Structure formats: structure tokens, C-alpha cells
Amino acid sequence: MFDEIVNRKGTSCAKYDALETYFGYSDLQPLWVADMDFKTPDVINEAIIKRAQHGVYGYAKPSTKTYNLVKEWMHKRHSWQIDTSWISFCNGVVPAYSAAIEALSEEDDEIIVQTPVYFPLFNSIKNNNRKIVRNSLKENNGYYTMDLEDLKNKITSKSKILVLCSPHNPVGRLWKKEELEELAKICLENNLIIISDEIHADLVFDKFTPMASLSKEISNITLTLNSAGKTFNIAGLNCAYTICENKEIKEKLDKELAKRELNSINVFGFTALEAAYEFGEEWLEELKIYLKKNIEFTKNYLSKCNSKVQFFEPEATYLLWLNFKNTGLKHKEIKNMLFEKSQIALNDGRSFGVEGDSYFRLNCALPTSELEKGLSKIVTYF
Ligand SMILES: Cc1ncc(COP(=O)(O)O)c(C=O)c1O
């Protein structure tokens, strides 16, 4: 099923159709933006087709079933008992994040982010006129951990929010329960709200722990952002949700979402979300096996070809944080070679923060045969 090569060109998809816009070249093999080249499961496609056959597409609203499916998903996949009243729907995790920054802090407040990280998580801080405070992750032989001493030193009276990316994009860490507990302890001691972006929570190769599930106290300071977009490759349907037990935080967020008109969702978004959470588990298990296989394939391929490119096997996500430091080349030289010689499109590590110098992010969620083509273009030059 995942071996099928789907021609995505000409479908208004950013990954293939916007190469010229983003990279200045149109003939690159796209191994960048975080969506998959696999078809979404049949159960979702069928539900969308059935809904389309109805023929009327008026304004959409989540039903009791939608709320219950999110609740059940959290319980069965992540052992987290949530209440319907904690859930809000919106049209994307990033829009919800941006609204949350505005709702939960004031202009010039400090928001702490653990870089390198998915770039909208710091861009939105700047765009909302808040101050970005970087708490860089520590790297040891490709394995990243949180620098909690640095975090403590960076907290001031202006610090309002700690942004957590869990699991972490791009470094692929699946944070351990103990790491999350230590982080939360610091946030509790310093009155910081935690915004936890858990969009990659289902794409994990071990047990995932939602931050807010750790204790009632932690739940009370945490706003969780999530969606079925990454898990089931339905990001283009723009349906996400937030989970928050703290009524005051939730009300502030809901007000901001309404102010920005972000709480009206495409009817197909709800249809896909419901089908995914009701019937998609079997497909998800198969997907994870395939992704793990592709990650291992990449590792073995680079090693077999004595490539200078290294990466640490991610504990979550299909995103590989490739380290080009051993090539001895400057970041710009690597970038030019990737585009002009290898002719592949990877995400530029620097867009995830200064820590991303000499790194590029590769998306391995594609048929292994296509992945092999991309890797062969890398090893020829690196
Ligand atoms: C950590 C993280 N958060 C959010 C998003 C995007 O979420 P959405 O498309 O729902 O705005 C991505 C997409 O790559 C991501 O990696």
C-alpha cells in the first residue's frame, strides 16, 4: 500500500507544485515539507466521497460524535482522560498557536522556545510582537536533550509562556515522562503557561506522554494543540483542535479564536477527522512500521555508501535531521550543492534556528523506492 507511487504534481500541493516559489528550482525531488506522499487511508477517502455525494456544503459544526472521538482517541492511544468541555476546534495547529500567544500574553512579554524547532513556533511570537527567548536544546552525538539550567537562567518577570514541541520537530525526540516532569516543575515554580504542540504524538515508536496528562497541577497550566493532520496525511483539510482543562486559559483562547474567525472548519475536515479516529487505527499501525523501515533504510544506505551525512534515528516523526558537519563545507555551500547537484529539496536547518547550521531536514514519508532515489543523489555528492 505504501509502496504505491502517487503522482502529486498538478494537485495544488505545496510540496511538488511550489518548488519554484520556495527553492527557485522546479525540477528538484521534494523531500521537504511535512506531509506524506502516501494516500490517506481508504476509510477516510470513502467518508469524504460519501459526504461529497450529499451535495450540500453549508457551514460546518462539530457534533457530539466529533468530541467523543477526540476524547476516545486520547484515551485509547495516549491513556489520557479528557473532558468534552476541554476541547475547542480550529482550522490548524499554527493558527491556534498564534491565537494562543496573543490570548495568553501581552506585547513585549517573553515567550521561551526550545530551538532548533519548527519555525512557525518562533515566527508567531515575533509576528504577535512578543519577545522570543531561545532555550537551545543540548546535542550530544545527535541526541538532543533539554537544557533546564539554561532555562532557569533565562526566566525573568516578563516570561509568560514556555513552548513545548512534543514529540520534537525537527530533532525527533520523544520526550520521556521524567524530562517532561522536570520541565513542568520549573514552569509551575515560575508561573509559566505551557503551550504543548503535540501534532506528531501519534507518529511515535514508543509510548507518548501528553504533557497535560502528567498531573492535575500540570494540566492546569497546559494548553495542548493537536490534529489528525500529520497522522493521517490530511493537513490540507485544515482541521485541528486544542485541549485545555483550565477554564480561564480556554476562555481566553476561545475568545481569540473567535476574534480571528479561526473556529469555522471545512466540512470535509470534520468528516476526515471522524473517519480517522473511528476507523484509522489499523492503517496507522501499518504506517508506523513502514516509516520505521524507511528510517532504518536511510541509516543503512548512508552507512553502506560511507556518506559523510549523519543523523540520529528519530524516536518519533518521519523527519530526519541530517547533519552535514563532517563534509567540512559551509552551510551555504551544502545548500547550493543540494539544489544544484543533488537536485533535491530538503528543509534548510537554519530556518529552525541558528542551531540548524549545517543541518537539513529530510522527510522520509514516501515509497522506499523513491526514498532510495533521493538518497542516491545525496551520497553522490556527500
Ligand atoms: C510541530 C508542528 N506543529 C504544527 C504543524 C502544522 O500544523 P497545522 O497544519 O495544523 O497548522 C507542523 C507541521 O509540520 C508541525 O511540525
Side-chain angles (χ1 to χ4, degrees), residues 12-15 18 22 30-37 40 70 87-101 111 113-125 127-128 137 144 161-175 194-204 208 210-211 223-243 253 256-257 260 262-266 268-270 272-273 276-277 291 314-321 345-349 351-353 356 360-366:
S12 304
C13 77
K15 197 181 206 169
Y22 287 103
L31 301 169
W32 62 298
V33 63
D35 65 25
M36 306 190 274
D37 284 347
T40 198
V70 171
I87 305 170
S88 306
F89 288 94
C90 58
N91 65 1
V93 162
V94 172
Y97 174 71
S98 179
I101 294 292
I111 318 275
V113 268
Q114 299 178 307
T115 47
V117 76
Y118 176 60
F119 39 90
L121 297 189
F122 50 81
N123 287 344
S124 278
I125 299 174
N127 294 343
N128 283 294
L137 298 173
Y144 285 80
I161 297 171
L162 179 283
V163 181
L164 174 68
C165 189
S166 177
H168 192 97
N169 170 13
V171 308
R173 275 301 317 280
L174 172 59
W175 304 116
I194 301 170
I195 301 183
S196 188
D197 177 345
E198 303 187 355
I199 196 168
H200 295 279
D202 298 318
L203 299 174
V204 291
F208 170 76
M211 180 53 126
L223 167 65
T224 305
L225 313 177
N226 212 328
S227 139
K230 300 283 159 210
T231 316
F232 292 99
N233 210 21
I234 50 174
L237 294 175
N238 298 93
C239 177
Y241 54 87
T242 64
I243 304 173
L253 173 71
E256 191 59 40
L257 289 174
R260 297 180 179 211
L262 295 175
N263 48 8
S264 168
I265 290 165
N266 186 305
F268 293 113
F270 286 129
L273 173 74
Y277 283 0
L291 293 177
E315 300 165 335
T317 82
Y318 45 75
L319 305 166
L320 310 182
W321 188 231
L346 304 182
N347 280 90
D348 187 333
S351 61
F352 299 86
F360 287 81
R361 193 191 71 178
L362 180 143
N363 174 345
C364 75
L366 72 169

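Ligands are counted one by one from 1 in listed order, and the atoms in each one are counted from 1 as well. Since the model is a prediction, treat every value here as computed from it, not as a measurement.
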Quiz item: Just heavy atoms, cut-off under 4.0 Å: does Val94 contact ligand 1 by side chain, backbone, both, or neither?
Solution: both
Quiz item: Of all the non-hydrogen atoms in the protein, which one sits nearest to atom 14 (O) of ligand 1, and at what distance?
Solution: Lys230 NZ, 2.8 Å
Quiz prompt | Heavy-atom side-chain proximity of Phe122 to Thr115 below 4.5 angstrom | solution = yes
Self-check item: pair Asn263-Phe89: side-chain heavy atoms closer than 4.5 Å
Solution: no
Practice problem: Just jot down the ligand 1 atoms closer than 4.0 angstrom to any heavy atom of His200, in number order. | Solution: 1 (C), 15 (C), 16 (O)
Practice problem: Answer yes or no: does atom OH of Tyr22 have more than 12 heavy-atom neighbours from other residues, nucleotides or ligands under 6.0 Å? | Solution: no
Quiz prompt | Non-hydrogen side-chain atoms of Gln114 and Leu164 separated by less than 4.5 Å | solution = yes
Practice problem: Using a 4.0 Å heavy-atom cut-off, say whether Ala34 meets ligand 1 through its side chain, its backbone, both or neither. | Solution: side chain
Quiz prompt | ligand 1 to Gly92 polar contact by distance, N or O atoms, under 3.5 Å | solution = no
Quiz item: Can you list the atoms of ligand 1 that are under 4.0 Å from a heavy atom of Pro95?
Solution: 11 (O)
Self-check item: Contact with ligand 1 for Cys165, non-hydrogen, under 4.0 angstrom
Solution: yes
Quiz prompt | Thr242 vs Tyr97 side-chain heavy atoms within contact, under 4.5 Å | solution = no
Practice problem: Would you mind checking which non-hydrogen protein atom is closest to atom 10 (O) of ligand 1, with the distance to 0.1 Å? | Solution: Val93 N, 2.8 Å
Quiz prompt | Shortest protein contact, atom 7 (O) of ligand 1 (heavy atom only) | solution = Ile199 CD1, 3.3 Å
Quiz item: Do Trp32 and Arg361 touch side chain to side chain, with heavy atoms closer than 4.5 Å?
Solution: no
Practice problem: Give the minimum heavy-atom separation between Leu273 and Cys239, together with the two atoms involved. | Solution: CD2-SG, 4.0 Å
Self-check item: Non-hydrogen side-chain atoms of Cys90 and Pro95 separated by less than 4.5 Å
Solution: no
Practice problem: Considering only non-hydrogen protein atoms, determine which one is nearest to atom 6 (C) of ligand 1 and report residue, atom name and distance to 0.1 Å. | Solution: Tyr118 OH, 3.4 Å
Quiz item: Given Ile234, Asn169, Leu225, Asp197, which one has a non-hydrogen atom that is nearest to atom 2 (C) of ligand 1?
Solution: Asp197
